[in-house]
Colleague: 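Have a look at this one.
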Amino acid sequence: MTGPAFEVLDALEGFASLVKRSPTLDGAVPVRVAQGCVPLLEGNALGFQVVLQPGLHVRRRLGRVLVEADAELDERLARGRSAALPRLVAHGLLRAGGAWEKRLRRSTAWIEKGHVRVWTGLLVRPSPGIWLRVSGAANRRSVALDLAEVFIGDDAELVPLVLDVTLRGDEAHLRGEVACLTPLRPGVAVRQTTLAELPALGRAHAAFYDAAYFAAKKGDTTKKYRRLVAREKGPREGTPVARAEVARVGPLQATVASVDRFLDAEATSPRARRDDGRSLEVVTFANTVAFRATYDGLTMTIDHDARALAAAASEVESTWGAVFGAPAVQRDRRALWYLTKYFTPHPPGEPHFFVKPFAFTQTPPGWSSIVAGVPGDGYDVLSGVVSTDTFFATPAVFAVHRVGAPIRVPAGAPLVRVIPVPRDLLGATWRSVRFRDEPARAAP
């Protein structure tokens, strides 16, 4: 896109900062991933990470959640608020006596309904036609904390960026990469359909996972996806957005919902946004086959509901045969394994494995999909970006945190949330503004 996707004002002068991650997490990913796994690399680099300075400590004591700051940080934040809030009010950026001014005057971090809420010191304003997604710091984060997802709309006002944090265990430190800001474009609808209505997606899947793919994969990464998407371009400016579609291939638990929680300049808690005819629909894929997985430091063992998987595999093959003819089931056997096996472990020594929903997802030309993993007890599901206008699978990549003790994922547990995004926003920038950039006006 031309111009920044959003603006940021830092009122507390450095308590929080925004950084752009390296796709390789500064060289931390395995060489095999760096060479071939473009969706994960793009997921690592997605958006802008919100980085907090050390000093905030969250703990649970006698059934209560407490948030504490070391003395130096506590004094610095108090001074910063005392200096910043009058200026924000004088410039009309916070309403005098309004909900935000009253709340932030009391503290930078507080407890609300058992959750920790932290003002980063930043105020953000999306550009017209852009919404901001505030989410956890995917793929490299503290697993002692969860962050509630919320959105900020393009309502022409700077909005205090407040993080809503849930403590998983008894204590955690709020520091380093704690959240992510991702620009999105509203106006996207998602339709659920069948493979019979979109047979081209099945043919593209079979062409990708052909004999040459598996022959090359025996020795090394194929880099076939990288070559496939290298020719892609973003959507033309002003091009109307067609809907995204999810084509069912086998048993599928998928729900489509519009995002509905927004932070704004008037209320300190997320609330419904004024309906202006725009929406952003997201599809959530849930687990179809109940399983447990155990990582012992070397190998990943997956114990699953064998009867449920056999029934699912049979439905996938039956659907494939009905759309492409009975001989296609044997002809495309290897491509079908991608779906019918459902689980694919990583090489020994890696605490990861794939789970493949029984569906293909297609977005309009120039649009990709954010595959946002949903974490659970003892595991994360990594986030990635898939060019779903060309490649139509959206797998869930599990990262197991426990060694020796199994994780359990029942049928119906959410795996990933798929969010359409135009590729021009993946390389978007933001602009820093200061008080002098804002026209001084009388507070209402």
Side-chain angles (χ1 to χ4, degrees), residues 36-40 42 190-232 242-254 283 285 288-289 309-346 353-369 371 384-397 415-416 418 420:
C37 194
V38 175
L40 182 58
E42 291 190 355
V190 179
R191 180 180 77 110
Q192 294 195 60
T193 183
T194 64
L195 182 63
E197 287 195 53
L198 295 173
L201 306 191
R203 287 193 287 269
H205 177 79
F208 186 92
Y209 291 103
D210 58 8
Y213 172 89
F214 288 100
K217 195 170 181 64
K218 287 182 180 179
D220 200 355
T221 57
T222 68
K223 300 182 182 178
K224 188 172 184 176
Y225 177 90
R226 187 186 294 273
R227 294 194 300 272
L228 178 69
V229 303
R231 301 184 298 274
E232 297 175 345
R243 64 190 175 202
E245 298 183 285
V246 174
R248 171 183 171 138
V249 184
L252 186 67
Q253 296 187 52
V283 58
F285 291 121
T288 304
V289 179
L309 181 54
S314 177
E315 183 174 333
V316 169
E317 293 181 356
S318 175
T319 299
W320 201 265
V323 173
F324 300 114
V329 174
Q330 189 58 39
R331 181 195 68 209
D332 301 329
R333 173 63 60 193
R334 286 192 163 187
L336 283 174
W337 281 347
Y338 179 94
L339 297 168
T340 57
K341 287 188 173 183
Y342 197 57
F343 307 101
T344 303
H346 275 218
F353 61 93
F354 285 79
V355 173
K356 283 62 171 286
F358 301 114
F360 298 129
T361 301
Q362 182 182 42
T363 47
W367 285 67
S368 292
S369 289
V371 184
V385 179
V386 179
S387 296
T388 42
D389 56 347
T390 304
F391 182 84
F392 310 113
T394 52
V397 183
L415 298 177
V416 293
V418 177

Colleague: Using every non-hydrogen atom in the two residues, find where Pro420 and Ala244 come nearest and quote the distance to one decimal.
Modeller: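 Shortest heavy-atom separation between Pro420 and Ala244 comes out as CG-CB, 4.2 Å.
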
Colleague: With a 4.5 Å cut-off on side-chain heavy atoms, are Phe343 and Val355 touching?
Modeller: yes

Colleague: At what distance, to the nearest 0.5 angstrom, does CD of Glu245 lie from CZ of Phe392?
Modeller: 11.0 Å

Colleague: Distance-only, no hydrogens or angles: does the Gln362 side chain make a donor-acceptor pair with backbone N or O of Leu201 under 3.5 Å?
Modeller: no

Colleague: Would you call Glu197 and Arg248 a salt bridge, using N to O less than 4.0 angstrom?
Modeller: no

Colleague: With the side chain counted from C-beta on, respond yes when Tyr209 and Leu336 share a heavy-atom pair under 4.5 Å apart, and no when they do not.
Modeller: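 Tyr209 does not reach Leu336 side chain to side chain.
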
Colleague: Nearest 0.5 Å, please: how far is CD in Gln253 from CZ in Phe285?
Modeller: 12.0 Å

Colleague: How about Phe358 and Tyr342: are their ring centroids closer than 6.0 Å?
Modeller: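 They qualify: ring centres under 6.0 Å apart.
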
Colleague: Restricting to non-hydrogen atoms, name the atom on Lys224 and the atom on Phe208 that form the minimum distance, rounded to 0.1 Å.
Modeller: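 Answer, listing the atom of Lys224 first, then Phe208: NZ-O, 2.6 Å.
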
Colleague: Can you tell if the side chain of Phe391 reaches within under 4.5 Å of the side chain of Pro39, non-hydrogen atoms only?
Modeller: no

Colleague: What distance separates Thr194 OG1 from Leu252 CG, expressed to the nearest 0.5 Å?
Modeller: 12.0 Å

Colleague: Could you report the tightest heavy-atom contact between Ala312 and Pro251, atom names first, then the distance?
Modeller: CB-CG, 3.5 Å

Colleague: Within this structure, what is the NZ-SG distance for the pair Lys223 and Cys37, rounded to the nearest 0.5 Å?
Modeller: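 Spacing of NZ (Lys223) from SG (Cys37) equals 13.0 Å.
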
Colleague: Mind checking whether Trp320 and His205 have parallel, tilted or perpendicular rings, split at 30° and 60°?
Modeller: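 Trp320 and His205: perpendicular rings.
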
Colleague: Nearest 0.5 Å, what's the CZ-CZ distance between Arg334 and Phe214?
Modeller: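 That separation rounds to 6.5 Å.
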
Colleague: Which heavy-atom pair separates Asp389 from Gly366 by the least distance, and what is that distance?
Modeller: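 In this case the closest contact between Asp389 and Gly366 is OD2-N, 2.9 Å.
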
Colleague: If you take all heavy atoms of Ser369 and Thr361, which pair is closest and at what distance?
Modeller: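 Shortest heavy-atom separation between Ser369 and Thr361 comes out as OG-CG2, 4.3 Å.
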
Colleague: Measuring from Arg331:CZ to Asp210:CG, what's the distance to the nearest 0.5 Å?
Modeller: 12.0 Å

Colleague: How far apart are the closest heavy atoms of Ser368 and Thr363, and which atoms are they?
Modeller: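 Taking every non-hydrogen atom into account, O-CG2, 4.0 Å.
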
Colleague: Taking the side chain from Thr319 and the backbone from Glu315, do they hold a donor-acceptor pair closer than 3.5 Å?
Modeller: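 Yes: the side chain of Thr319 pairs with the backbone of Glu315.
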
Colleague: Between Leu339 and Val249, does the side chain to side chain contact (heavy atoms under 4.5 Å, CB included) criterion hold? Intermediate values first, please.
Modeller: CA-CA 9 Å; Leu339 297 168; Val249 184; 3.9 Å; yes

